[in-house]
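What follows is a set of notes on a single structure, which appears directly below.
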Amino acid sequence: MFSIRAQSLSKTYKLYRNPIDSLKELFLRRSYAETLWAVQDVSFEIVAGGSIGIIGENGAGKSTLLKLLAGAATPSAGRVERSGRVSAILQLGAGFHPDLSGLENIRIGCAVQGLSPAETENILPYIVEFSELGDVIERPVRTYSSGMYLRLGFSVATAIDPDILVVDEHLSVGDQHFRFKCLRRIMDLREAGCSLVFCSHDLFSVGEVCERTLWMHQGQPRMLADTQSVLKAYQDYAREKDATSLPSTSNTEATCFGQRKHVADSCLREVVLGGDVQDGVIETGGRLELRVFAEITDTAWHGGVHLGLLIERNDAVWCYGISTKMDGMAIGFQPLGGHSYGANFIVDDLPLLSGCYSFTVVLMDDSSPLVYDRWSGVAPFTVRHSGKEVGLVRIPHHWELK
């Protein structure tokens, strides 16, 4: 049984060169407009309890598609069928009356979702508690920050236990703590059988949450398949597009430490190359070690923390990616005392051939797509190979002559 079915879904808008052209069109009965296809010929189906991610560049038609799926916009062609109650988070503050308090807007939002006054009063304490707005809930929402809008909107949208949840890419405006709660809530709804449409630029989150993914490009579906296949194709496209504008690594700090993205109290502290690496150089077949040190809060540690690594060549080719969670490890770090933790990544027989490489190191939550910290371009090293083989890696092989 399906929860959402889109059939040849399309949406067009009229563009006028001059504002008066729309009036001339009305009276002269001639077209003065250009047609913009925001979404064109999109078809897919989500089974009950299933999930689909929506990715693509800015202007690809993602938000318009979400509005069509949620019923917030009318398609110009095609149709959308829905089965069950739909809840959507499409735009911060959408549907809120700015002069009413958060509490009053909660009641209105629940009524719009079809809840009776009695049902609303039953879940009202839960919504207020989840939002963590405290006394702010009594203030007019026009005084809210974007993060407060997210807290209120997400709390209302997910409190009604929807059959279908449509989420646009707004979780990034929240603080780390509430983003963590939102992602956990989304995972809980999925486990309870809620169907999910999740749009985000955070490809890691899409990979963790969604079974299938739709790649939108210039208003049209470019690829629809299992999530990992689509993400790989999209990343290949992005790397090819950016190939001529790769950042320079001549700066000493960038070479040594790379780009750091830190969003939480739990964070990476140090990465150190070891093994047979000498002055940043290692031979093919040598022993490569990467020692990772992190500071992790008690809350994060008890919730489960894992370590992810990616080896990347200096021309943006992804060589190998793995995490402690992928390897089935219960925990990703060893306690070192206090809030300090460490882990060693070891390759006994390095198969990489000659080239310049570096690591991306990711500190991540166990039960949600939350990333506590990410360092890119760290621990650079050079591989030297004395053999005549060419390519990226040395592949064990043998010959048979018959």
Side-chain angles (χ1 to χ4, degrees), residues 4 11 13 38-39 54 58 61-75 80 82 84-186 188-189 194-202 205 209:
I4 293 185
K11 180 66 175 178
Y13 294 100
V39 171
I54 310 290
N58 291 330
K62 304 186 299 298
S63 294
T64 302
L65 176 58
L66 292 182
K67 292 176 182 177
L68 294 172
L69 296 176
T74 303
V80 181
R82 309 172 192 85
R85 174 184 285 168
V86 181
S87 187
I89 306 173
L90 299 177
Q91 184 176 346
L92 292 177
F96 293 156
H97 193 295
D99 293 324
L100 297 180
S101 69
L103 208 57
E104 292 168 320
N105 274 289
I106 290 175
R107 292 191 172 96
I108 293 174
C110 289
V112 170
Q113 296 287 352
L115 271 64
S116 68
E119 291 173 323
T120 298
E121 293 305 314
N122 285 336
I123 66 171
L124 190 60
Y126 167 79
I127 296 175
V128 175
E129 179 184 1
F130 189 92
S131 71
E132 299 181 5
L133 289 173
D135 295 337
V136 176
I137 202 74
E138 300 286 355
R139 284 166 37 187
V141 298
R142 56 181 165 78
T143 65
Y144 286 13
S145 66
S146 58
M148 292 176 182
Y149 272 118
L150 171 65
R151 286 172 177 265
L152 187 63
F154 188 90
S155 300
V156 174
T158 59
I160 62 172
D161 291 328
D163 300 302
I164 304 166
L165 179 63
V166 181
V167 183
D168 204 350
E169 46 200 352
H170 295 301
L171 297 184
S172 59
V173 305
D175 57 80
Q176 181 268 330
H177 165 70
F178 196 74
R179 286 178 59 238
F180 179 83
K181 286 186 64 175
C182 290
L183 291 170
R184 279 277 176 92
R185 176 60 177 157
I186 289 173
D188 290 342
L189 286 171
C194 175
S195 300
L196 176 67
V197 181
F198 184 69
C199 175
S200 178
H201 284 298
D202 184 352
S205 295
V209 171

Heavy-atom distance under 4.5 Å between the side chains of [X] and [Y], does that happen here?
| X | Y | result |
| --- | --- | --- |
| L124 | L103 | yes |
| H97 | N105 | yes |
| K67 | K11 | no |
| S87 | L165 | yes |

For [X] and [Y], which heavy atoms make the closest approach, and how far apart are they?
| X | Y | value |
| --- | --- | --- |
| F130 | S155 | CD2-OG, 3.3 Å |
| L189 | P162 | CD2-CD, 4.3 Å |
| A88 | A70 | CB-CB, 3.8 Å |
| I123 | C110 | CD1-SG, 4.1 Å |
| I186 | F154 | CG1-CZ, 4.0 Å |
| S131 | I137 | OG-CD1, 4.4 Å |

Are the side chain of [X] and the backbone N or O of [Y] linked by a donor-acceptor pair below 3.5 Å?
| X | Y | answer |
| --- | --- | --- |
| Y149 | V141 | yes |
| T64 | G61 | no |
| Y144 | V136 | yes |
| R82 | L69 | yes |

Measure the spacing between [atom1] of [X] and [atom2] of [Y] and express it to the nearest 0.5 Å.
| X | Y | atom1 | atom2 | value |
| --- | --- | --- | --- | --- |
| L152 | F96 | CG | CZ | 4.0 Å |
| I106 | T120 | CD1 | OG1 | 10.0 Å |
| L100 | R142 | CG | CZ | 10.0 Å |
| D163 | I4 | CG | CD1 | 10.5 Å |
| I89 | T158 | CD1 | OG1 | 6.5 Å |
| I160 | E119 | CD1 | CD | 10.5 Å |

Going by the side chain to side chain contact (heavy atoms under 4.5 Å, CB included) test, name the single residue among L65, L66, D168 that passes it with V197.
-> L66
Residues, nucleotides or ligands: over 12 heavy atoms within 6.0 Å of E121 CD | yes
Checking side chain to side chain contact (heavy atoms under 4.5 Å, CB included) for the pair H201/K62: CA distance, chi angles, key distance, verdict?
-> CA-CA 11 Å; H201 284 298; K62 304 186 299 298; 3.9 Å; yes
L115 vs R85, side chain to side chain contact (heavy atoms under 4.5 Å, CB included): CA-CA, chis, key distance, verdict | CA-CA 11 Å; L115 271 64; R85 174 184 285 168; 3.7 Å; yes
